[in-house]
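Single-structure report; data block below.
Here is how names work: the chains are called A, B, and so on, in the same order as the sequence lines, proteins then strands, and each is numbered from 1. What you see below is based on every heavy atom in this structure, not just the backbone, and it leaves out hydrogens, waters and symmetry mates.
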Number of protein chains: 2
Amino acid sequence: MSESAGAPARRGRPGYDQETVLRRAIALFNERGYDATSVADLARDLGISKSAVFHHVSSKEDLLAAALDEALDGLSAAIDAAAEHAEDDATAYQRLRATVEESVRILAAHLPAVTLLLRVRGNSPVEQDALRRRRVIDEKLAVLVREAVAAGDLRADLDPEVISRLLFGTVNSLVEWYRPGGPITPDRLAAAVTAMTFDGLTSTVAEVRGAPATSLEAPAAGAPDPT
Amino acid sequence: MSESAGAPARRGRPGYDQETVLRRAIALFNERGYDATSVADLARDLGISKSAVFHHVSSKEDLLAAALDEALDGLSAAIDAAAEHAEDDATAYQRLRATVEESVRILAAHLPAVTLLLRVRGNSPVEQDALRRRRVIDEKLAVLVREAVAAGDLRADLDPEVISRLLFGTVNSLVEWYRPGGPITPDRLAAAVTAMTFDGLTSTVAEVRGAPATSLEAPAAGAPDPT
DNA sequence: CCTACCGATCGGTAGG
DNA sequence: CCTACCGATCGGTAGG
């Protein structure tokens, strides 16, 4: 299954393309961990020899770097897209809430790559570079949180730094259980995350407050925000 | 630093005890990952030979098993402690909220071991056993959530299963950034987590509602819930 | 607690 | 001469 994606008719053996090798590599890295996955494991999974893997990719670490770039590029775009809304009359609170939802959608759309990113510990220059890019993203989000707190739209009895950590810890924790293709669409997941983090799980006043018009049980059919 | 903890005077070289070796092993496993940490790395860190490590511990995996047991025993105790409060007239909502706070305190008290637990992927029988024990704990918490939703105390527009995942995903994500000994005490951290997850980050009505009497800026001196 | 090793496997590469 | 591989093996290192 999943051979030669999209390429026109070629001579020689069908074989795999780089993209397919990368998808399988990311899947295996997430199942067993990057270090615990050998190139031989990947070759076995693809049904080819270990040497054949190196025909497609120059090193195991290149696979990791490609996956981390995919995740970081997506997340960076999500943040910057929300920043551009600053030209509108959107408040920091509104931009923050939109950024959280967009981050969830990116996470859902690139779940394997984002999962890998969130497990990186800085064991190599490639991983350390990814951690640096993550910190830049986190800092942009922290700025939004500070603005929203300063504007009085987020509770002032919690340190803005703690709010940032809790908020994006919650988003990041989704990779541990969310699986696309199941009963929960990415849009509903995004709405559920912001419902809990901004409005809280306690029921009583949930409907009374200024919660967005998104019905969580039956989301709007016409998908919002076509990024 | 940190040699022979508590043991009486011994003959022979001072050396390390099993507990110290375990603490350093857990720290290294968390820094670089279990698979990426060799026994030689641990030996180097302790300043002894690789063989000397095997004098204290029979295998690398035994160190992992001991760490996972510590985390699982603590978390299980936290859950069962909350269940015993059922004899009181406490509602499911109140017991759930207390369980979340106690889980945060356990996480803070056994942060390295819990961190390791949350990174386990089931690569070996030891890891698979830990995952099984985790699922048992998660299910007990899911029962509490379902009861609280059924009682009408948690918002009904979110699937109880999703609520459970979000709630404990948030708690688990603390291992990624919380560091004991810093400005945030475990009690304040626990209060911050329940403040966001149950009451929400939005400021306006936070004080109006039935939030507990815990002041997050200056927590009650007499620590609540002396488990 | 060390030196000296083992069976095996690691990521990566040779020629064809 | 190409793409797509194979069987075998490189120098080092893993847990034990």
Practice item. Mark yes or no for whether B/Asp62, through its side chain, and B/Val57, through its backbone, hold a donor-acceptor pair below 3.5 Å. Key: no
Point to revise | Phosphate contact (C/dC1 OP1 or OP2) by B/His56 side-chain N/O below 4.0 Å | key: yes
Exercise for review: Between B/Val53 and A/Ser58, name the one whose nearest nucleotide on DNA chain C is closer to the 5' end.
Suggested key: B/Val53
Review point. Which whole number of Å gives the distance between the C1' atom of D/dG12 and that of C/dA8?
Key: 13 Å
Exercise for review: Considering only atom C1', compute the distance from C/dT9 to D/dG11 and round it to an integer number of Å.
Suggested key: 13 Å
Study note, to complete from the structure: Ordered by number, residues from residues 41-52 of chain A within less than 4.0 Å of DNA chain D (heavy atoms) are A/Ile48, A/Ser49, A/Ser51, A/Ala52
Revision key, fill the gap. For DNA chain C, consecutive-pair runs of 3 or more (Watson-Crick or G-U wobble, both H-bond-type distances under 3.5 Å) give none
Exercise for review: Using salt bridge (Lys or Arg N to Asp or Glu O under 4.0 Å) as the criterion, list what pairs up with B/Arg134, not counting sequence neighbours.
Suggested key: none
Review point. Mind checking what makes salt bridge (Lys or Arg N to Asp or Glu O under 4.0 Å) contact with B/Asp129, not counting sequence neighbours?
Key: B/Arg132
Check your understanding: Using a cut-off of 4.0 Å on non-hydrogen atoms, how would the nucleic acid contact of A/Ser59 be classed: base, sugar-phosphate, or nothing?
Key -> sugar-phosphate
Exercise for review: Provide the full list of ring pair (Phe, Tyr, Trp, His ring centres under 6.0 Å) pairs with a residue in residues 18-45 of chain A, sequence neighbours left out, each pair given once.
Suggested key: A/Phe29-A/Tyr34
Review point. What pairs meet the ring pair (Phe, Tyr, Trp, His ring centres under 6.0 Å) rule with one or both residues in residues 117-141 of chain A, with sequence neighbours excluded?
Key: none
